[in-house]
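Taking it in order: structure first as structure tokens, then the write-up.
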Amino acid sequence: MTIHRGTTSEPLVKLLGVTKMYSQPDNYDILVLDDINLTIERGQFVALLGPSGSGKSTLLRIITGLSEPSYGSVLYRGRPVTGPNPHASMVFQSFALYPWLTVQQNVELGLTAKGVPLAARHEKALRLIDLIGLNGYEDAFPKELSGGMRQRVGFARALAVDPELLCMDEPFSALDFLTAENLRSELLDLWVDSKIPLQAILMVTHGIEEAVYMADRIVILSKNPARVAEDLTIALPYPRNRKSPDFVHLVDQVYKIVTDTDEDHKPVSISSPAGSPQKPEESERARLDPIPYGHLSMLSGLLELVSDRGGRDDLYHLGSELLLEVDDLLPVTDTAELFHLARVSEGDLILTEQGKVFAEVDVAERKAIIRKELLDIPLFRLIGRVLESKTNHAMVRDFFIDILEEHFSQDQAERQLMLAINWGRFADLFHYDTDTELLYLAEDQLPEAEATLLGQGQADS
Ligand code: ADP
Ligand code: MG
């Protein structure tokens, strides 16, 4: 990597005790960012990773000067940031293009604002449109473009002003899988080959693989409030191979830190990648294990039956009694095991304590038990994460199909998602509209803070 990115030793960005509180309607302040101290050096591609709602976007807005910290300060090249930083530009998840402006006009926006003369503006915009692979679309309007093309415009617009610091807020998460993957590697090419005069990139993401794929440093935030839980260097050379053992291992390590951070809000340290080898099934990629094709109604019936028999019965016996082949029964018992309701031992199905409770309680309580269990299953966490992070809390099913097809055959991906939708709806985890093919969250399914926020409208101070 041959990059000349500035010569001074002063860090590009320095956060000193950045703290942010939002006041609630009842005057009770919530602490979102707690004493964040962070330095971004020239030449770094930093990924900011953290659970949904942890404060990543808030931090990004503060760094770019779009929002003020409640306490602490942001230094840019040693000087306090007091308003929108002219040396930084932003790429948004939602593209944020002006629908009534053409591609070229959208790209020129920042230049117009800076007072760049017309001819220079045109020249610059056309060069970037070309660089980002959109030549021929100069006069098109955003609505004529696919999501991937719109985000290309978003990148071109952000890069047109020759920013020193490029900030991106989940720039790939609204795109389909392949488009996102293309854009990621194109951006990396630009960065690694120094085709753009950038000094540093800061990318907010909740994709662990994406962070390990792109960044040379990952800062992990904890939640409630956000603190820097971990600051890791990713020393893998570019271009990175997602299938290489080092890559898989790192993803796995980061995954562990993030889940630990998510669960008990405590930072943990990681061993060096050269340390103990990880079981492959623990990597994020392999974590999308297929869910068993168990029908929940059959599951309930089976558990009630076994409960009547004192909490244990012979599977073979159960099968013949229910006129079920083992092939039909096993997905149901697998589901029971997955939900920690029962275990199979020596041909017997044995209810767990939770299984005994499940067999006794009403439907509402059964739903609650299944909901809790689903939240531990990677596929449902993925769905939850995506829906929570989208501003409209909705996503088309094809988006998930695309992801599942990375792990399963096309057929199996369809079946897996259909089943997941069934389970998720049963457990009230999310809704699904068969007409629009949208999975979505209703107000009561949102995390508490966010539901409040939605209710009051999302205006920043
Ligand atoms: P992330 O980008 O990590 O998902 P955000 O920075 O958007 O998180 O939000 C962090 C927390 O701050 C959330 O709990 C959110 O509800 C709250 N929050 C964000 N913006 C506001 C605001 N303008 N007013 C009140 N609370 C807010
Ligand atoms: Mg955000």
Side-chain angles (χ1 to χ4, degrees), residues 15 18-36 38 46-72 74 84 88 90-96 151 154 158 166-175 180 201-208 210-211 215 218-230 254 257-259 261-263 265 267 381-395 441 443-461:
L15 305 189
V18 166
T19 299
K20 180 75 176 180
M21 289 174 324
Y22 284 116
S23 42
Q24 301 288 83
D26 55 5
N27 278 337
Y28 175 78
D29 286 349
I30 51 162
L31 179 62
V32 176
L33 303 175
D34 185 22
D35 191 26
I36 309 274
L38 197 64
V46 183
L48 195 60
L49 196 63
S52 172
S54 56
K56 304 181 296 294
S57 297
T58 302
L59 189 58
L60 208 58
R61 283 203 302 272
I62 289 175
I63 289 173
T64 50
L66 296 174
S67 170
E68 264 182 69
S70 310
Y71 302 104
V74 179
M90 182 90 114
V91 176
F92 299 92
Q93 176 182 14
S94 53
F95 321 138
Q151 192 56 305
L166 178 66
C167 292
M168 309 190 284
D169 197 350
E170 311 204 17
F172 307 107
S173 57
L175 304 176
I201 300 182
L202 177 60
M203 175 178 74
V204 160
T205 176
H206 56 236
I208 292 168
E210 177 172 285
I218 301 181
V219 174
I220 299 173
L221 293 183
S222 63
K223 193 178 174 177
N224 297 326
R227 300 197 179 103
V228 175
E230 196 74 45
V254 177
I257 296 173
V258 169
T259 40
T261 309
D262 203 5
E263 268 149 30
H265 310 274
R381 289 165 73 126
L382 170 82
I383 294 174
R385 217 161 54 195
V386 169
L387 296 182
E388 276 176 30
S389 66
K390 286 277 310 280
T391 3
N392 62 356
H393 300 296
M395 182 57 100
L441 299 179
E443 184 120 347
D444 58 333
Q445 292 163 327
L446 290 168
E448 229 167 290
E450 210 166 345
T452 331
L453 184 68
L454 279 184
Q456 73 190 56
Q458 253 171 314
D460 196 357
S461 52

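Each ligand, and each atom within it, is numbered from 1 in the order the structure gives.
Using 4.0 Å as the threshold, Gly55 has a heavy atom nearer than that to some atom of ligand 1.
Within the listing of ligand 1, atoms 1 (P), 3 (O), 8 (O) sit less than 4.0 angstrom from a heavy atom of Ser54.
Between Leu202 atom CG and Leu38 atom CG the span is 8.0 Å, to the nearest 0.5 Å. The distance from the CG atom of Leu48 to the CE atom of Met203 is 10.0 Å, given to the nearest 0.5 Å.
Among the atoms of Ser57, an N, O or S atom is found under 2.8 Å from the Mg ion (ligand 2).
Residue Thr58 holds the heavy atom nearest to atom 6 (O) of ligand 1 of all those in Thr58, Leu60, Val204, Leu48.
Formation of a donor-acceptor pair under 3.5 Å by the Thr19 side chain with backbone atoms of Asp35 is found in this model. A donor-acceptor contact shorter than 3.5 Å links the side chain of Gln151 to the backbone of Phe92. Using modelled atom types, no side-chain atom of Lys223 and backbone atom of Gly55 make a donor-acceptor pair closer than 3.5 Å.
Heavy atoms of Val32 found under 4.0 angstrom from ligand 1 belong exclusively to the side chain.
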